[in-house]
Amino acid sequence: MKSNKLTPNSNLRWESSRMILPEWRKQWLQRQEAQTWQEPPELDDQMIEEYMQMIHDGMAYTWLFDVTYWQDGQFHTATGYVARFRDAPPQVWLQVGGAVLTIPVEHIQAVESQS
Amino acid sequence: MKRVVFLIDMMSFYASVEKVYHSHLSQHPVVVAGDPDRRSGVILAACPVAKSHGIKTAQALWEAQSLCPEVTVLKPRMQLYIDISTQINELFLTYTDQVEPFSVDESFIELTGTVHQSRPEQTAKSLQKAILRQFGIYARIGIGENKILAKSACDLQAKKRPGGIFHLSKNRLADDFWPFAIGELFGVGNRMEKHFMQTGIRTIGHLANYPVEELQHRWGINGELLWQYANGIDPSPVTPDTHQQKKSIGHGMTLPRDYHQRTEIFVILRELAEEVGRRTRDERLIGNQLSLGIGGTYENPVGFSRQLTLPMATNDGRVIYHACQKLFDRHWLGTPVRRIGVSLEKVEPDTHRQLSLFDEVEDRSSLNQTLDALKDRYGGGIIMYASSLTDAGQALERSKKIGGHYK
């Protein structure tokens with residue numbers, strides 16, 4: 001059902017009456033983004049090698065993985081099967097539902113097998 | 001435990017900022033006004049000294065100057081006000097993460113669940129001092145257990161009291177809220193005020209005690225909403241991410257003179273369409289419903305507002321422009337035009353696109369990306385259609401402004 005100004009927990013009653021300049025909004029969102037910006041992960045070589053070994057093994061047996069990765073200043077976790085591993089540049093192609101997520105190896109924070 | 005919500009309002013915000021930058025004017029009447037040579041020559045903000053001479057916001061500049069000939073008139077610096085406004089909101093984030101900016105000079109903050117919840121008045125004083133110390137701006141703070149009580153506490157009480165802070169409790173509505181005239185209730189405009197007066201509702205208290213069913217029957221959702229406000233009922237949350245969601249992207253302008261020729265109006269339509277396209281791309285969105293609003297002149301206020309569904313969602317200014325042309329030609333009666341607004345609605349993330357099986361659609365994304373990069377780096381005036389350099393064009397002038405006022 002379409003929400004209206006009386007819908008519980010909706011903020012529509014205030015959103016419909018406010019005046020915000022687009023330039024103000026853009027700057028506020030940029031500042032908010034900058035405040036929550038996180039640096040990319042810095043994994044040591046041994047940890048990366050361990051994760052890559054796990055991914056290679058998992059590809060053979062179509063294991064389901066939880067991959068935590070960094071993108072645009074934020075960490076995300078996606079669950080899927082590894083569809084492909086590319087060497088140059090090193091990338092993991094994770095099949096998540098009907099889509100393929102391309103994750104650079106240097107942006108991987110953690111890999112966990114669900115299998 | 002009851003919620004604790006603040007509505008923090010910066011007094012005469014633009015004028016206060018200017019007084020900080022022109023400290024020698026601290027005791028003088030100061031107003032910030034639009035370009036005096038144009039229709040926008042109205043008062044955007046007046047300092048308390050200017051207000052004591054009878055000057056009001058939105059008054060014509062000539063009127064203000066006749067009330068107070070010694071008033072100092074300053075041009076607005078919108079980018080500066082935006083910078084300071086966002087910095088003030090960052091200060092609020094040191095008190096709570098629940099910050100919802102409501103306008104450039106007003107914000108809601110929720111202190112429920114923070115260490116400040118048990119002593120709201122002391123927190124308000126500390127916040128007021130911090131804003132004054134860090135930015136030189138005096139803030140008024142309304143406190144309530146929800147947003148409407150906080151907003152009403154600020155507008156009806158805190159702004160009129162020496163300390164600039166007021167706590168409107170729900171059990172004191174009859175004394176602190178209901179005696180005010182109905183026109184002072186948030187959300188009641190001139191037309192609604194007239195309707196209420198005709199119904200015998202002259203104060204907020206009269207509305208609060210009026211049968212809600214009758215209000216619903218007569219004014220629908222809005223009738224019930226205003227009844228809720230009058231009774232201090234507002235379940236809406238303070239919503240920090242409220243600015244992240246976008247339902248439509250629009251751009252409009254009041255023209256500096258009446259436009260009579262179709263070709264002249266098309267120059268403006270193209271400029272607005274390009275700006276809407278740029279803003280939509282900036283948000284990484286596309287939209288498939290176009291809305292065009294045309295406003296007439298003061299003497300001949302004939303206009304229209306019409307919508308058109310596009311065959312495919314877009315964020316390309318040229319596609320938007322062609323749709324605007326189509327809508328305009330279909331509905332324009334040849335009367336002079338003074339205001340034009342274009343908006344793209346039903347927007348969604350630009351992650352996928354429908355392909356046309358029948359028409360070849362020109363991919364202008366690289367061209368648009370290049371134009372956007374140029375404008376982001378050098379400003380909106382760096383590149384534009386040649387038509388914008390004709391007498392009808394406004395893009396160059398607009399590129400020097402924010403919200404219709406000088407940057």
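In this text the structure is predicted, and so the values were computed from the model without any measurement. Just so we're on the same page: letters track the sequence lines, and every chain starts at 1.
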[atom2] on [Y] to [atom1] on [X], rounded to 0.5 Å:
X: A:L21; Y: B:H405; atom1: CG; atom2: NE2; answer: 8.0 Å
X: B:L225; Y: A:S17; atom1: CG; atom2: OG; answer: 9.0 Å
X: A:Q32; Y: B:D241; atom1: CD; atom2: CG; answer: 8.5 Å
X: B:I221; Y: A:T7; atom1: CD1; atom2: OG1; answer: 7.5 Å

Among A:L29, A:I20, A:N11, A:N9, residue most engaged with chain B (heavy-atom pairs, under 4.5 Å):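 Between A:L29, A:I20, A:N11, A:N9, the count favours A:N11.
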For chain B, which of A:K5, A:E15, A:M19, A:Q27 has the most heavy-atom pairs under 4.5 Å?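 The option with the most such pairs is A:Q27.
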[X] atom [atom1], over 12 foreign heavy atoms within 6.0 Å:
X: B:E90; atom1: CD; value: yes
X: A:E33; atom1: CD; value: no
X: B:N190; atom1: CG; value: no
X: A:F85; atom1: CZ; value: yes
X: A:E42; atom1: CD; value: no
X: B:H217; atom1: NE2; value: no
X: B:Y378; atom1: OH; value: no
X: A:E49; atom1: CD; value: no

Can you say whether [X] sits under 4.5 Å from chain A via the side chain, the backbone, both, or neither, judging by heavy atoms?
X: B:D83; answer: both
X: B:P240; answer: backbone
X: B:I148; answer: both
X: B:K147; answer: both

Between A:R13 and chain B, with a heavy-atom cut-off of 4.5 Å, which part of the residue counts as in contact: side chain, backbone, both or neither?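 Backbone plus side chain of A:R13, per the 4.5 Å heavy-atom cut-off to chain B.
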Sort A:S10 into side chain, backbone, both or neither according to what part of it lies under 4.5 angstrom from a heavy atom of chain B.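 Only the backbone of A:S10 comes within 4.5 Å of chain B.
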Tell me, out of B:G187, B:S85, B:S103, B:P101, who's got the most heavy-atom pairs with chain A below 4.5 Å.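 The option with the most such pairs is B:P101.
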Using a cut-off of under 4.5 Å on heavy-atom pairs, state which of B:E224, B:E106, B:M78 scores highest against chain A.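 Looking at each option in turn, the highest pair count goes to B:E224.
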I'd like to check A:W24 versus B:N89 (side-chain heavy atoms, cut-off strictly below 4.5 Å). Are they in contact?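 Result yes, sub-4.5 Å side-chain heavy-atom pair found.
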Contact check, side chains of A:K26 and B:E283, non-hydrogen atoms, under 4.5 Å: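 Answer no - side chains too far apart.
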Going by atom types only, do A:E23 and B:Q79 share a side-chain donor-acceptor pair under 3.5 Å?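 The answer is no; no qualifying pair exists.
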On a heavy-atom basis, which atom in A:R25 and which in B:Q244 lie closest, and how many Å separate them?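 Of all heavy-atom pairs spanning A:R25 and B:Q244, the closest is NH2-O, 3.9 Å.
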Evaluate the ring planes of B:F186 and A:W14, with Trp represented by its six-membered ring, and classify them as parallel (under 30°), tilted (30 to 60°) or perpendicular (over 60°).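 Correct class here is parallel.
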